[in-house]
Amino acid sequence: MVTKVMVIRHCEAEGNIKRVFQGHTNAAISENGQKQLDLLRLRCRNMPIDVIYTSPLQRAYATAEAVNSFRQVPVHICDDLIEINGGVWEGKKWADLPALYPEDARIWNMEPHKFAPENGEPMRHVYERMKRAVTEIVCQNQGKQICITSHGCAIRNLLCWAMGKPIEELNTVDWCDNTAISILEFDEQLHPKVTLANDGSHMDHETSTFSKQTWWKPENRTKATFD
């Protein structure tokens, strides 16, 4: 018996286009984010989905509602699916972070598994809580088709674990675009397998957030600055 989990990053929010660290900040959805939701809604229209779990933040919940547009399945808020708490980084412009917190900025890009912002959440905690949360969701819904809406850093940690990698290899895992889809399959022993990662094929160049940015590209993981 296989349990399939479709993991979707939230739609574009104001922090994504203004390039500020939004973490736990409940940023509003952008105009382009609404367009992304329309495309996601159509892509998911005929997909079999039995239940949806979402982070409590607006940008993730709205994404869950879009997936649920052509069906009426239960939508559950799960606090452990929330984005990393950036502590003192919250609300700061990405471009300003290297000057404000040079060592933490270097760690974020080069050794993200060591990231532990002041008054925030260590990256290791994100890895463990996403692993725990998704495993618990699968336990409660074995054999079902599950949809989860969450956040970029949280999903990156989840994929790292699901790929069989320790958190020390987090920097080998790609980032996902807004509304990009990944699919995990769990066997009866709750072992995950990634069958699709970070697929944003429902978007074009105009609606993709990543098409207008470069920070997420692998070659920029060796820099201590952000575009």
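Nothing fancy with the numbering, it's 1 onward along the sequence.
With rounding to the nearest 0.5 angstrom, the SG atom of C176 is 10.5 Å from the CD1 atom of I8. With rounding to the nearest 0.5 Å, the separation of CD in E219 from OG1 in T214 is 8.0 Å. Taking CD of Q140 as the reference point, atom OH of Y53 lies at 5.0 Å (rounded to 0.5 Å). Atom CD1 in I52 sits 7.5 Å away from atom CE in M6 (nearest 0.5 Å). With values rounded to the nearest 0.5 angstrom, D204 atom CG is found 9.5 Å from K35 atom NZ. Of the inter-residue distances, the one linking W108 atom CH2 with L97 atom CG reads 9.5 Å to the nearest 0.5 angstrom.
The backbone N or O of V88 lies less than 3.5 Å from no partner atom in the side chain of N119, so there is not a single donor-acceptor pair. Remark: side-chain polar atoms of N68 are not paired, donor with acceptor, to backbone N or O of A64 under 3.5 angstrom. With hydrogens and angles disregarded, no donor-acceptor distance shorter than 3.5 Å links the side chain of E14 to the backbone of A28. The closest donor-acceptor contact from the side chain of T63 to the backbone of R59 lies under 3.5 Å. A donor-acceptor pair under 3.5 Å is formed between the side chain of N16 and the backbone N or O of A13. Proximity of a side-chain donor or acceptor of T54 to a complementary backbone N or O of A60 within less than 3.5 Å is detected. Put simply, the side chain of N109 never gets that close to the backbone of A105: no donor and acceptor are under 3.5 Å apart.
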Step-by-step salt bridge (charged side-chain N to carboxylate O under 4.0 Å, His left out) determination, E65 to R41: CA-CA 9 Å; E65 287 188 314; R41 191 176 287 115; over 6 Å; no
I would like to know whether R71 and D50 meet salt bridge (charged side-chain N to carboxylate O under 4.0 Å, His left out); could you show each step before the answer? CA-CA 9 Å; R71 58 183 61 81; D50 298 308; over 6 Å; no
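Heavy atoms only, all atoms of each residue included: A154 and V126 are closest at CA-CG1, 3.9 Å. Across every non-hydrogen atom of R129 and D80, the tightest pair is NH1-O, 2.6 Å.
Under the 30°/60° scheme for interplanar angles, the aromatic rings of W215 and W94 are found to lie parallel.
Side-chain polar atoms of S55 and H10 form no donor-acceptor pair below 3.5 angstrom. Residues K223 and N220 have side chains that bring a donor and an acceptor to within less than 3.5 angstrom of each other. N32 and E12 share a side-chain donor-acceptor pair at under 3.5 Å. A donor-acceptor contact under 3.5 angstrom links the side chains of N171 and R156, judged on distance only.
Within 6.0 Å of the NZ atom in K212, the count of heavy atoms belonging to other residues, nucleotides or ligands exceeds 12.
Using a 4.5 Å heavy-atom cutoff, the side chains of L81 and M130 are in contact. Between Q22 and E83, every side-chain heavy-atom pair lies at or beyond the 4.5 Å cut-off. Proximity of Y61 to T149: side-chain heavy atoms (C-beta onward) are nowhere separated by under 4.5 Å. Under the 4.5 Å side-chain criterion, counting only non-hydrogen atoms from C-beta, I137 is not in contact with V51. A heavy-atom distance below 4.5 Å is found between the side chains of T135 and W161.
Each of R9, Q36, H202 was evaluated against T179; a single residue qualifies, H202, per the side-chain hydrogen bond (donor to acceptor under 3.5 Å, both in side chains) test.
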